[in-house]
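Have a look at the structure below before the remarks.
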Amino acid sequence: MTAATHSTLFPQVPDSADAVLEGLDPEQREVATALQGPVCVLAGAGTGKTRAITHRIAYGVRAGILQPSSVLAVTFTNRAAGEMRGRLRQLGAAGVQARTFHSAALRQLQYFWPKAVGGSMPRLVDRKIQLVADAAAACRIRLDRGELRDVTAEIEWSKVTQTVPADYALAAAKAGREAPRNPAEVAQLYTAYEDLKRERGVIDFEDVLLLTVAVLQDRHDIADQVRAQYQHFVVDEYQDVSPLQQRLLELWLGDRDTLCVVGDASQTIYSFTGATPDHLLDFRTRHPGATVVKLVRDYRSTPQVVHLANGLLAQASGRAADHRLELVSQRAPGPEPLYTEYTDEPAEAEGAARRIRELMAAGVPAAEIAILFRTNAQSETYEQALADAGVPYQLRGAERFFDRPEVRRAIVNLRGAARFGGNDSRLDDAPDLPSQVRAVLSGEGWTSEPPAGSGAVRERWESLAALVNLAQDFAAARADATLADLVAELDERANAQHAPTVQGVTLASLHSAKGLEWDVVFLVGVAEGMMPITYAKTDEQIEEERRLLYVGVTRARERLHVSWALSRSPGGRPNRRPSRFLDGLRPGSTGAAGRAATAGTGGVERGFTGGTAAAAPRRTQRTPARCRVCGRTLTDAGEMKLMRCDDCPSDMDEGLYERLRDWRAVQAERSGQPDFCIFTDRTLKAIAEAEPTTPAELSRISGVLARKLNRYGADVLAICAGQEPGAEEDED
């Protein structure tokens with residue numbers, strides 16, 4: 001490992017205020033030194049906005065202009081807040097509060113509740129969905145799982161836009177929202193939900209903001225106390241601020257203008273939660289004398305990736321598009337984006353898995369590769385394809401690294417070993433820090449070689465391996481480091497949520513990929529109906545879908561693979577077309593004006609597994625999937641696999657299901673793979689319910705892909721027929 005790498009992992013604290021400014025480009029330096037009055041930073045993707053604002057805070061602190069305890073920096077995720085705290089600590093600005101809006105508000109509410117209201121603060125509920133279900137039961141309204149989630153989202157949107165139940169129907173119509181039920185029913189459920197909370201003495205996360213706003217509005221003495229504490233504010237991702245968050249920010253500020261906001265209207269992708277870029281775009285109107293700095297030097301992506309990103313926004317319309325930033329790549333040229341068309345979604349997933357294996361064989365780390373999709377329902381196909389290909393993966397949005405049980409146990413054991421020191425027998429033959437960590441973690445399941453396949457066992461190993469790798473880096477940067485020093489570093493990182501990289505390809509939705517980056521990105525399912533999504537109807541919704549694709553493109557540092565499938569399933573009607581957002585950008589396509597895309601904007605490849613789109617047989621349009629028991633339209637992927645609602649009675653042969661599970665366990669043991677890599681539980685249930693008798697019937701079950709049919713079809717059909725699997729082969 002090089003000295004440069006050591007300095008990146010464990011950098012030295014700058015020895016002066018001027019040293020904080022070293023390495024900043026002219027625009028970043030302008031941000032860092034603009035410490036007076038309102039400041040608006042318009043920062044494109046990959047332009048180093050976090051670097052600019054953390055150096056701004058650190059420069060102010062180190063120069064004696066800002067007191068650390070008087071600065072409040074707010075952002076939107078715990079991960080981003082943790083990263084900001086970590087960077088500030090490395091720059092010598094420890095003590096600055098960097099929190100999410102909710103975290104900052106909750107802290108204030110807990111402190112001032114006895115004074116403002118009296119007594120103990122109500123309990124905060126982690127999940128609303130059970131309360132919404134109870135409200136529905138009280139209203140005698142039956143909601144399925146999907147409707148429960150959607151009604152919960154409508155209640156959240158109402159609260160962050162400060163909409164009361166009586167005004168919901170009008171506000172939803174004005175905002176162009178598709179209510180999951182009749183708007184009057186949603187308003188009724190909203191009212192019942194609020195009544196239930198009061199009866200049970202609980203509050204939700206939106207209440208934290210609402211109640212903090214109410215306290216600061218009604219109690220001027222408390223507002224003055226907060227303003228005396230915090231005198232300088234920095235807001236990251238300002239394009240995602242909701243009306244409620246903006247109101248809270250205004251109350252924190254009072255009549256002052258010591259505010260710095262950072263954002264990019266072209267990355268507004270959360271309007272469905274109440275976020276709006278209007279506060280960012282109107283900032284100069286509200287603050288006519290504001291300092292405005294644009295960051296357009298893209299340090300993340302190659303010119304080829306940046307060219308595609310700029311091209312996407314060049315075709316955009318609307319207010320955000322009028323303020324788009326033209327990025328300028330600062331990196332050396334790289335490969336052109338690759339566009340691939342497949343016959344069906346399983347073929348697309350297998351193609352991505354195959355390419356990923358080739359990349360990994362060429363030396364690209366799995367952790368530097370991501371597959372990004374529009375909806376979480378697309379994940380299963382790619383999980384299966386990667387498992388089949390023996391590629392480790394991790395799902396974005398799972399438990400945070402330091403919250404994982406195996407990581408918590410590992411740190412407890414490391415802390416115990418550090419406390420006992422030379423009296424711990426595990427350390428007898430471990431002369432240095434890395435070997436000590438390996439010795440301790442061996443008892444938790446870490447081995448020098450990873451387990452075969454993927455799944456829970458591999459995920460636990462990856463977590464422990466990440467700790468081993470961090471120990472090696474830490475020891476290389478600090479030759480005299482002890483096990484106790486490492487434990488202290490881990491505690492700091494846990495507090496800052498600064499997780500080491502886990503080796504595995506990342507699977508993530510485009511929304512959850514915001515703020516992240518990889519060397520190689522696969523953008524999959526980029527077809528009409530998925531990008532833009534079918535339920536995006538209005539011009540504003542279509543443009544938000546375009547911005548979502550822009551966010552996906554700008555996650556890639558070096559290589560970008562864009563793909564789509566002509567049909568959903570093998571043999572399906574090839575009636576899909578590439579996303580309109582690619583018109584005029586991918587080779588061979590034309591733009592809105594009919595102009596052919598210019599050469600040199602990317603590579604294109606056909607990924608057909610047989611025939612062409614023109615030669616494919618025409619089929620009648622597919623009707624919506626309906627429950628075979630009650631007839632309700634199915635939208636959940638798992639229910640569509642079973643062709644019935646989860647809560648409708650099953651006619652499954654329980655004995656057949658158990659025989660299939662036993663057979664799957666044997667196959668998993670033979671192949672060294674987790675059970676789900678053979679068939680998922682839901683696929684086995686679908687087989688046990690359908691009881692197929694021919695390969696054609698078996699292939700129609702979702703989850704039985706062509707590869708699985710060839711490999712396991714004979715066994716499965718034999719089990720369904722009451723025979724022993726492999727019996728015919730034995731007779732031969």
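We're numbering straight along the sequence, starting at 1.
- Minimum interatomic distance between Cys720 and Leu656 (heavy atoms only, all atoms of both residues): CA-CD1, 3.8 Å.
- Here the closest non-hydrogen pair linking Ala353 and Ala385 is CB-O, 3.7 Å.
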Worked check of side chain to side chain contact (heavy atoms under 4.5 Å, CB included) between Cys139 and Leu189: CA-CA 7 Å; Cys139 296; Leu189 290 166; 4.3 Å; yes
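- Remark: the backbone N or O of Ala536 is not paired with any side-chain donor or acceptor of Glu545 at under 3.5 angstrom.
- Listed for the Lys685 side chain is no donor-acceptor partner under 3.5 Å among the backbone atoms of Tyr657.
- Remark: the backbone N or O of Met531 is paired with a side-chain donor or acceptor of Ser579 at under 3.5 angstrom.
- Salt-bridge annotation for Glu406 and Arg409: absent, with no side-chain N of the basic residue lying under 4.0 Å from a carboxylate O of the acidic one.
- The shortest non-hydrogen separation linking Arg586 to Pro578 is NH2-CG, 3.4 Å.
- Evaluated for a side-chain hydrogen bond (donor to acceptor under 3.5 Å, both in side chains) with Tyr193, the options Asp204, Thr152, Asp134 yield exactly one hit, Asp204.
- A distance of 13.5 Å separates CZ in Arg661 from CD1 in Ile678, rounded to the nearest 0.5 Å.
- The backbone N or O of Ala367 sits nowhere less than 3.5 Å from a side-chain atom of Thr506 that would complete a donor-acceptor pair.
- Residues Glu517 and Glu368 are not in side-chain contact: their nearest non-hydrogen atoms beyond the backbone lie 4.5 Å or more apart.
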Test side chain to side chain contact (heavy atoms under 4.5 Å, CB included) applied to Val202 and Leu124, step by step: CA-CA 6 Å; Val202 297; Leu124 180 63; over 6 Å; no
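- The backbone N or O of Thr693 sits less than 3.5 Å from a side-chain atom of Glu697, completing a donor-acceptor pair.
- Side-chain contact between Met360 and Val364 is absent, with no heavy-atom pair separated by less than 4.5 Å.
- Within the model, atoms CH2 of Trp157 and OG of Ser271 stand 10.5 Å from one another, a figure rounded to the nearest 0.5 Å.
- Using a cut-off of 4.0 Å between Lys/Arg side-chain N and Asp/Glu carboxylate O, Glu345 and Arg576 are scored as salt-bridged.
- Gln667 has its side chain within reach of Asp715: a pair of non-hydrogen atoms, C-beta onward, lies under 4.5 Å apart.
- Looking only at side-chain heavy atoms (C-beta outward), Leu386 and Ile371 come within less than 4.5 Å of each other.
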Intermediate values then yes/no, side chain to side chain contact (heavy atoms under 4.5 Å, CB included), His561 and Leu523: CA-CA 6 Å; His561 296 253; Leu523 291 175; over 6 Å; no
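- Within the 4.5 Å cutoff, side-chain heavy atoms of Tyr190 are placed close to those of Lys159.
- Between the side chains of Glu341 and Trp564, a donor-acceptor pair is found at a separation under 3.5 Å.
- With sequence neighbours excluded, the residues that form a ring pair (Phe, Tyr, Trp, His ring centres under 6.0 Å) with Trp663 are Tyr712.
- If you take CG on Leu507 and CG on Leu372, they are separated by 9.0 Å, rounding to the nearest 0.5 Å.
- With sequence neighbours left out, Ser158 forms a side-chain hydrogen bond (donor to acceptor under 3.5 Å, both in side chains) with no residue at all.
- The local environment of CZ in Arg559 is sparse, with at most 12 non-hydrogen atoms from other residues, nucleotides or ligands closer than 6.0 Å.
- No donor-acceptor distance shorter than 3.5 angstrom exists from the side chain of Ser512 to the backbone of Ala508, with no hydrogens or angles considered.
- Contact annotation: the side chain of Leu717 approaches that of Leu698 to within less than 4.5 Å [non-hydrogen atoms, C-beta and beyond].
- His511 contributes a side-chain N or O that, together with a main-chain N or O of Ile269, makes up a donor-acceptor pair within less than 3.5 Å.
- Contact record, Val562 with Leu582: CG1-CD1, 4.0 Å, taken as the closest heavy-atom pair.
- Looking at heavy atoms from C-beta onward, Arg355 lies in side-chain contact with Thr340 at the 4.5 angstrom threshold.
- Contact of the Phe522 side chain with the Leu359 side chain is registered, since non-hydrogen atoms from C-beta on lie closer than 4.5 Å.
- Legend: residues meeting side-chain hydrogen bond (donor to acceptor under 3.5 Å, both in side chains) with Glu206, ordered by chain and number and at least two apart, are Lys128.
- Arg555 places a side-chain N or O within 3.5 Å of a backbone atom of Leu516 that can act as its donor or acceptor partner.
- Taking OH of Tyr382 as the reference point, atom CG of Leu395 lies at 14.0 Å (rounded to 0.5 Å).
- Of all heavy-atom pairs between Asp344 and Ala347, the closest is OD1-N, 2.8 Å.
- Looking at every heavy atom in both residues, Leu510 comes nearest to Gly552 through CD2-CA, 3.6 Å.
- A side-chain donor-acceptor contact under 3.5 Å links Tyr168 and Glu154.
- Between the side chain of Gln541 and the backbone N or O of Thr538 there is at least one donor-acceptor pair closer than 3.5 Å.
- Distance check, rounded to the nearest 0.5 Å: CD of Glu528 to CZ of Arg577 gives 5.0 Å.
- A distance of 9.5 Å separates CG in Leu143 from CG in Asp150, rounded to the nearest 0.5 Å.
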